[in-house]
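Here is the structure we will look at.
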Protein chains: 2
Amino acid sequence: MRKVEAIERCNCDVIHEDVVNHVKEQMPKEETLYDLAELFKVFGDSTRIKILWALDAAEMCVCDIAVLLNMTQSAISHQLRVLKQAKLVKNRRDGKVVYYSLDDEHVRQIFDQGLTHINEI
Amino acid sequence: MRKVEAIERCNCDVIHEDVVNHVKEQMPKEETLYDLAELFKVFGDSTRIKILWALDAAEMCVCDIAVLLNMTQSAISHQLRVLKQAKLVKNRRDGKVVYYSLDDEHVRQIFDQGLTHINEI
DNA sequence: TTGTCATGTGAACAATTATTCATATGTTCA
DNA sequence: TGAACATATGAATAATTGTTCACATGACAA
């Protein structure tokens, strides 16, 4: 039953069944791959990249980031929420001001890997 | 002139001007940050993550990947183009069949960093 | 050359997402 | 308490993007 669906879905025949079966065994759980894509999606926006880079240099409040990037406070606040949900950023409140900072020591390493790739092209 | 625009754009005042100026000096070129975001955008789709993971296990032709992921050949082909443009994947032709494989040894390291982050949450 | 097979691709559509606008929340200070 | 300020957020809009569909391309074999 499952095979029939696969053939209906994919409009071509399996050429190397052994390779496909071997790779299928190696693949991680669907959920893991989905989560990984979701994480990289967070990195896949230049505004968020800029925010992360800025916070890697210093703890900053929302307003400062907005001025730095020349964007509205609202836009920054929305993006900070995305970054916080991804556990990449944390915040603390000091009176009226909310300070944001990095919440993951891997951010810089992920950046470095990406930069290495870019520079090789 | 530039400052006036910034103030018009951002509806709040600079609170920590010294921090903003310091961070501004640390920021890489706009273009670099943009390219970095574009690269991560490529990783930010579960279909492409699956393809990369599969090709990390074995060289495969388009048709095999389509069967493996239970998707149309066309969808896979479109995504392979994106991956190739990002220099993450390369291909070779053998008769009618085109074989794809990884073109970057950092893919696995980038995956690992991402997985490490996910597993820590 | 003609038919078949594997892959590539343009256009259309559907779905997702970043930003804006208006307004709400929460804190401080007078 | 009420005004002022920093930040958060829901809804709407604009832009981007993944998939499908139909068809084109390129290679091989008869």
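Labels below follow one simple rule: chain letters A, B, ... track the order of the sequence lines, proteins then strands, and each chain is numbered from 1. In what follows, every heavy atom counts, from backbone to side chain, and hydrogens, waters and symmetry copies are set aside.
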Item to complete: Establish whether the base of C/dT19 is bridged to the side chain of A/Ser74 by a donor-acceptor pair shorter than 3.5 Å.
Response: no

Fill in: Candidates D/dT7, C/dT19, D/dT19 - which lies nearest the side chain of B/Gln79
D/dT19

Practice prompt. Find the distance between CG (A/Leu80) and CZ (A/Arg48) and round it off to the nearest 0.5 Å.
Written response: 10.5 Å

Practice prompt. On the 0 to 90° scale, with breaks at 30° and 60°, tag the A/His106-B/His117 ring pair as parallel, tilted or perpendicular.
Written response: perpendicular

Worksheet entry | Test item: B/Lys90 side-chain N/O and B/Leu102 main-chain N/O as donor-acceptor pair under 3.5 Å | yes

Item to complete: Measure from OH on B/Tyr99 to C1' on C/dC5 and round the result to the nearest Å.
Response: 13 Å

Worksheet item: Over how many whole Å does the gap from A/Arg93 atom CZ to C/dT27 atom C1' extend?
Response: 6 Å

Worksheet item: Rounded to whole angstrom units, what separation is found between the CD1 atom of A/Ile49 and the C1' atom of C/dA18?
Response: 15 Å

Discussion item. With nearest nucleotide decided by heavy atoms, which residue, B/Val97 or A/Ala75, maps closer to the 5′ end of DNA chain C?
Written reply: B/Val97

Worksheet item: If you take atom types as modelled and just measure distance, does the side chain of B/Ser77 reach the base of C/dT9 with a donor-acceptor pair under 3.5 Å?
Response: no

Discussion item. Within the 4.0 Å heavy-atom criterion, would you say A/Tyr100 contacts the bases, only the backbone, or no part of the nucleic acid?
Written reply: sugar-phosphate

Worksheet item: When the ring planes of A/Phe111 and A/Phe43 are compared, do they come out parallel, tilted or perpendicular, using 30° and 60° as the limits?
Response: perpendicular

Worksheet item: Quick one: B/His78 NE2 to D/dT20 C1', roughly how many Å, whole number?
Response: 8 Å

Worksheet, complete the sentence: Between OH of B/Tyr34 and C1' of D/dT16 the distance, given in whole Å, is 11 Å

Fill in: Rounded distance (nearest 0.5 Å) linking atom CG of A/Leu115 with atom CG of B/Leu39
9.0 Å

Practice prompt. To the nearest Å, give me how far apart NZ (B/Lys41) and C1' (D/dA15) are.
Written response: 11 Å

Discussion item. Can you work out whether A/Arg48 or A/Lys96 has the more 5'-proximal nearest nucleotide on DNA chain C?
Written reply: A/Arg48

Fill in: For atom CD of A/Gln73 and atom C1' of C/dT25, their distance in whole Å
12 Å

Practice prompt. Could you state the atom-to-atom distance from CZ of B/Arg81 to P of C/dG10 in whole Å?
Written response: 6 Å

